[in-house]
There are 2 protein chains.
Amino acid sequence: MRGKSYVERTLTANLEQLFNPLSIAVIGASATAGKVGHKVVYNLVENGFPHRIYPINPHAEEILGYKCYKSVLEVPDEIDLGIIAVPAAVVPQVVEECGKKGVPFLIILTSGFAEVGRVREERELVEIAHRYGTRIVGPNIFGIYYAPAKMNATFGPTEVLPGNIALITQSGALGIALTGKTIAEEIGLSAIASVGNKADLDEVELLEFFAADERTKVIIIYMEGTRRGREFLRVAREVVREKPIIMIKAGRSKRGARAAASHTGALAGSDAVFSAAFEQAGILRANSADEAFNWARALASQPLPKGRNSVIITNGGGVGVLATDAAEDQGLHLLDDLKLLEELFHEATPEFGSLKNPIDLTGMATPRDYHLALRAALGEERIHAIILLYSMGAEQVPHDFAAAIIEEYEGGKPLVVAMLGGAETVEAVRTLNRAAIPAYEEAEEAVGALAALYRWKGYRGRPAHVREPKLKVDWARIEEIIARARKEGRLQLLEPEAKAILKTLGLEVPEYRVAHSLREAVGAAEEFGYPVVLKIISEGIIHKTEAGGIRLNLRSREEVEGAYKTLIAAVGRSHPRAPLRGVLVTRFITGGTEVIVGASRDPSFGPTLMFGLGGIYVEVLKDVIFRVAPLSRREAREMIGKIRSAALLRGVRGEPKGDIKALAEALYRVGALAVEVEEISELDINPLRVMAEGEGCLVLDARMTISEVKR
Amino acid sequence: MRGKSYVERTLTANLEQLFNPLSIAVIGASATAGKVGHKVVYNLVENGFPHRIYPINPHAEEILGYKCYKSVLEVPDEIDLGIIAVPAAVVPQVVEECGKKGVPFLIILTSGFAEVGRVREERELVEIAHRYGTRIVGPNIFGIYYAPAKMNATFGPTEVLPGNIALITQSGALGIALTGKTIAEEIGLSAIASVGNKADLDEVELLEFFAADERTKVIIIYMEGTRRGREFLRVAREVVREKPIIMIKAGRSKRGARAAASHTGALAGSDAVFSAAFEQAGILRANSADEAFNWARALASQPLPKGRNSVIITNGGGVGVLATDAAEDQGLHLLDDLKLLEELFHEATPEFGSLKNPIDLTGMATPRDYHLALRAALGEERIHAIILLYSMGAEQVPHDFAAAIIEEYEGGKPLVVAMLGGAETVEAVRTLNRAAIPAYEEAEEAVGALAALYRWKGYRGRPAHVREPKLKVDWARIEEIIARARKEGRLQLLEPEAKAILKTLGLEVPEYRVAHSLREAVGAAEEFGYPVVLKIISEGIIHKTEAGGIRLNLRSREEVEGAYKTLIAAVGRSHPRAPLRGVLVTRFITGGTEVIVGASRDPSFGPTLMFGLGGIYVEVLKDVIFRVAPLSRREAREMIGKIRSAALLRGVRGEPKGDIKALAEALYRVGALAVEVEEISELDINPLRVMAEGEGCLVLDARMTISEVKR
């Protein structure tokens, strides 16, 4: 994570002047059509920017009718926003001048910085700007558009359609293409913010702005990665309670390729952590740009459903079936009160139609029948959402059906429409969308959009995120154990050390003792009672089982004696140079269910927690779940329920129910540890044995790695 | 399954006259525009049908310039094809007349038969027709279109675009809508066949026709259900070796709702069986109509890749990343020979571009760079498929890029294109598609289409399906055991009966004996050796464990004696009226992995086989796989590898490898049993214990249900 300096922390994050400037300087403005520096001025002018524009170009007199200046310093006026389109080599000088001029915000369009490896040069830009209190968007972006200010400060398409969806994009090229798409498909935007290299301002500040922006109803983000995952998560969590955020997250495959260092590490840091964070924040993750915009149409225009009952109304059985399949896939609930359905829809439905849900008005249905059916659905309180389908029949005029829908729909509950057919239905779909009724060309798209609305409702309705008070444990003792190991040059803690830390954290660890002789081992065993386990302790041996360093289920003094000897001998053979620090003696625990709890540090999100059932469930079935730490206790409980094999812990087929309460507490505490003790770079409790309800969770083995230098 | 009568079996399945008729009678032709009987004549005429058209209408003189006849019997000519558009009540009479006239094929557009419950009336139509050797398409359809014959015998859209994709649709309304879509999106069709109620001809015969049809390159089927699953599977398996079949299967949710009767039954009969059959046949299953047509574009125009190496060429990093994610999701392999990539693409790529795969030509790329890059990719043998992406930049003309691609592409290896942007890129995408280069508006769509091409290649490349010779086992003995149970009025076989059948089938069943007294039980135990298991035998007790009817791991004579008594007592308490037929004594087996093998009868596909790991894997994780029986031995082996938890059987974490060979043989044999012995309606081997490699699979428990009447 990027640390923020004192200067940075005192910089303004009020983006008012960025989005609503009263004067803009375009540095590198050009009189030559086709150049970026020309297009930006052109877009500002053509879009009707109502305030002052100052083209800066030492060699031109005027551009598009605006007087040119040789430098921002010559402009006889304050400048709220500077747009930089000069070559990369000149950018630092321009930033310096803008700083001197007191320009609060800069949009740096120029590329050729961190994205081509020039990280130092990029950092310098930010340092120069911050010296003057100036904030930067970019570099390597295509600009910013903001509908309320009539400001198209981009070199992308000119005629952006004003609306209420804000688009934040990390990729400039894709942003331009997506903007083109919104124009072609008549999707209105409140804002476009290209963030590119995110040298200074990024999604976090923009989210905060759009959250407060009255014009914006939905926020779409195209993201490839972030360095400020935790801040993003914190802000997004709040924003989602007001406005839906839709994420198109690219770069799964790249992250997925991260080398597998250890058991937990192999699964963490991947796209799974992003997904986890999005789920924690309540962000809707779309699989493609099309899907994102499809959802946004519904989220931007439709009220939230007041309950779970949806109806599908259709004039074609086939498309009704496709919608029903999609509804089940997406977890939508179709109203099945047959008596009510008959009562409501019999008037619009011929005898050979269907009054079950989907309501099949049949191919004979006229626009009048759509009127009737829609009116019935809108008027009934027990119906909370409507999926209206139309399959174009021979000799029909789809526009008449669209007109009937527009006439009848009066809001109050969400309506999504799909119209299937040819060019005329495509036009009818447009007509509906112009009337702010979300309409699509496929049934699956309409259902998907309604499902997104329901998911957002679910996220909004969650109890607010609670940051639990700092856990009261002896943190100093934990730091002390770590400090001692580091002093001895060990980054891999010994099992007794890891267990001591977890015990201090408040986890239950079965009694253990480190024996340095056969006598001590037998003594401990006699004291604990049989059966016991012996394990070798050595920083040189990570995989104890493979090394012959573990002996389980020893039932008597004799067995302990024999095992001790063979264990020492086996380890001597397999790891002749490993320093032996003794033999750990502990009770052999039977029963319960084995789970794994891991913690590691994600490059984007910092401390993260992993949980899954032990053995095959993690290794073969990859049935694990990630969460960004820390968790609230409620999140810890929910985390457990989200693995596929959770039923095992709830007791299936007469097995005893596991102590889920104790497990949740353990997860919560490990999450707190991962956040509090920054030196722990990796932690793996494997297994944690979940005993029957009321009997707790036992740490049977644990590995812990600490970072080289205290951060 | 529908049985075929002798008459039916001798009917022609040569559909030549249906698709290439030299004379068509439209019975119920109408002079009134807007009526179905008018639209069909209109479509035939407007589409330029070059042969004779006879409108049949007792009240009209001529329709659209064609002389009318009062009945087909009055037509002074042979009629190859009759299209019936009269009201339902009159249809039987018309079919009779057509039969008398010797019309070989009838298209019955009229609805109001089985789809509204008039099953008997529909059956009568077929009976009448078959008496004269006449075959029927429909009823309840919108007709048939066949491009080579210039025949639009539908009441759907008039101007269908000729091409090489055949569309078979069960839903008429959806078919009309999809046809409209193909016109709007310029997708060329070789044929449309609406099959509706499928009273007589269905997908099976149509598939056979399109398989041989030179004009058709891809077949898309919209299916809601089938009564002839096995025939469909048999024919599709063959067709797929020549032409790809894409399936849009609707009605998942309806089937999924089938009541869960028994352990296996709860999972079978669902959409999972359809999916299994499609996988067995090598059919590509699409999730939506859009996806189906997207795939069809590529499958209809592109050659199969000669190897697995794909390259992504892009002018935008963002869209390249999205495509890379999609490629990984879809299992495509991206060439990663960096030296080769640099050699090939350095000329087209600026210094700050990327020569890794994706090749990023950057936003500066000109049409000439696309020329160069495409030429390099086409010319290199180690590249087998090309994904070409274009993200519209400012001031660019997408058409120029499309033109460059069209000019450069010369076939030889598959190319898919995605162009992102606004209205101009949509037009450029159309231009490419007109030139038979599959192009899309989203990167994910292009990648998905190429992935479909690869999947089809995989299906085509599978060894031909082998029907194994009939298994040599004592089938008579199996029939005899079943006959005896039935004679006694028992449909649920007793465990020893089920085990005897499986033993006769060649499965390994640990030695067991039915004891009728304590003495016999002890005798058997002493003979087999300890530990042993005791199980109650009673047709009245299905869930033995819950009834207290099983005692495991009995290690001595004393334990057997005690267990016998408590078992009898427990069962007496839990099932006082269940007839006790003795106690089954068998060895207690330890080790190995428990799996479940089930067989049941699917309403569409007949005998099907289910396999999964025992316990939680089936119940909680639903990690099961279905196959339509019988299987070849190769299919049985493949089936095992396809469950998510298969790694458990291959030996993970030092566990012994299971005897997969024996397991495959067992699956193969159970598949043969399900097919050979029709009386078995349900079979559940639970558990089958898979022992270590070379040590076989043991049937530990089995349930078998037989049908009430011998079919």
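To find a chain, count down the sequence lines: A is the first, B the second, and so on, and within it residues start at 1.
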Student: Roughly how far, to the nearest 0.5 Å, is CD of B:Glu291 from CD of A:Glu444?
Tutor: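 Reported to 0.5 Å precision, the distance equals 9.5 Å.
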Student: Of all of B:Ser354, B:Gly363, B:Gly318, which one pairs up most often with chain A through heavy atoms under 4.5 Å apart?
Tutor: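 Ranked by heavy-atom pairs under 4.5 Å with chain A, first place is B:Gly318.
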Student: Taking every non-hydrogen pair under 4.5 Å, which of A:Gly156, A:Gly393, A:Gly316, A:Ala289 racks up the most with chain B?
Tutor: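 Of the options given, most contacts go to A:Ala289.
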Student: I'd like to know if the side chain of A:Ser391 and the backbone of B:Ala173 have a donor-acceptor N/O pair within less than 3.5 Å.
Tutor: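 Side chain of A:Ser391 to backbone of B:Ala173, a donor-acceptor pair under 3.5 Å: yes, one is there.
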Student: Quick one: what part of A:Glu441 sits under 4.5 Å from any heavy atom of chain B, side chain, backbone, both or neither?
Tutor: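 Both backbone and side chain of A:Glu441 come within 4.5 Å of chain B.
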Student: Would you mind telling me which of A:Ala177, A:Gly422, A:Ser171 has the largest number of heavy-atom pairs within less than 4.5 Å of chain B?
Tutor: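 Ranked by contacts with chain B, first place is A:Ala177.
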Student: Rounded at 0.5 Å granularity, tell me how far OG in A:Ser288 sits from CD in B:Glu442.
Tutor: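 Separation between the atoms: 4.5 Å.
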Student: For the interface with chain A, which of B:Leu178, B:Asp290, B:Asp623, B:Ile176 has the highest count of heavy-atom pairs at distances below 4.5 Å?
Tutor: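 With the most close heavy-atom pairs to chain A, the winner is B:Asp290.
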Student: Determine whether B:Met392 and A:Lys181 make a side-chain contact, defined as any pair of heavy atoms from C-beta on separated by less than 4.5 Å.
Tutor: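 They are not in side-chain contact.
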Student: Can you check whether A:Asp325 reaches B:Asp271 side chain to side chain, under 4.5 Å on heavy atoms?
Tutor: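 A:Asp325 vs B:Asp271: side chains apart.
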Student: If I measure from the heavy atoms of chain A, does B:Val319 come under 4.5 Å with its side chain, its backbone, both, or neither?
Tutor: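 Both backbone and side chain.
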Student: Using side-chain heavy atoms (C-beta onward) and a distance below 4.5 Å, is B:Leu174 in contact with A:Val321?
Tutor: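 No, their side chains stay 4.5 Å or more apart.
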Student: Does any backbone or side-chain atom of B:Tyr222 lie under 4.5 Å from a heavy atom of chain A? Answer side chain, backbone, both or neither.
Tutor: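 Interface part for B:Tyr222: side chain.
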Student: Where does A:Lys39 contact chain B at under 4.5 Å (heavy atoms): side chain, backbone, both or neither?
Tutor: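 Just the side chain, heavy atoms under 4.5 Å.
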Student: Under 4.5 Å from any heavy atom of chain B, what part of A:Leu420 do you find: side chain, backbone, both or neither?
Tutor: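 For A:Leu420, backbone and side chain are both near chain B.
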Student: Checking B:Asn287 against A:Asp329 for the side chain to side chain contact (heavy atoms under 4.5 Å, CB included) test, could you report, in this order, the C-alpha distance in whole Å, the side-chain angles of both residues, the deciding distance, and whether it holds?
Tutor: CA-CA 11 Å; B:Asn287 283 317; A:Asp329 288 349; over 6 Å; no
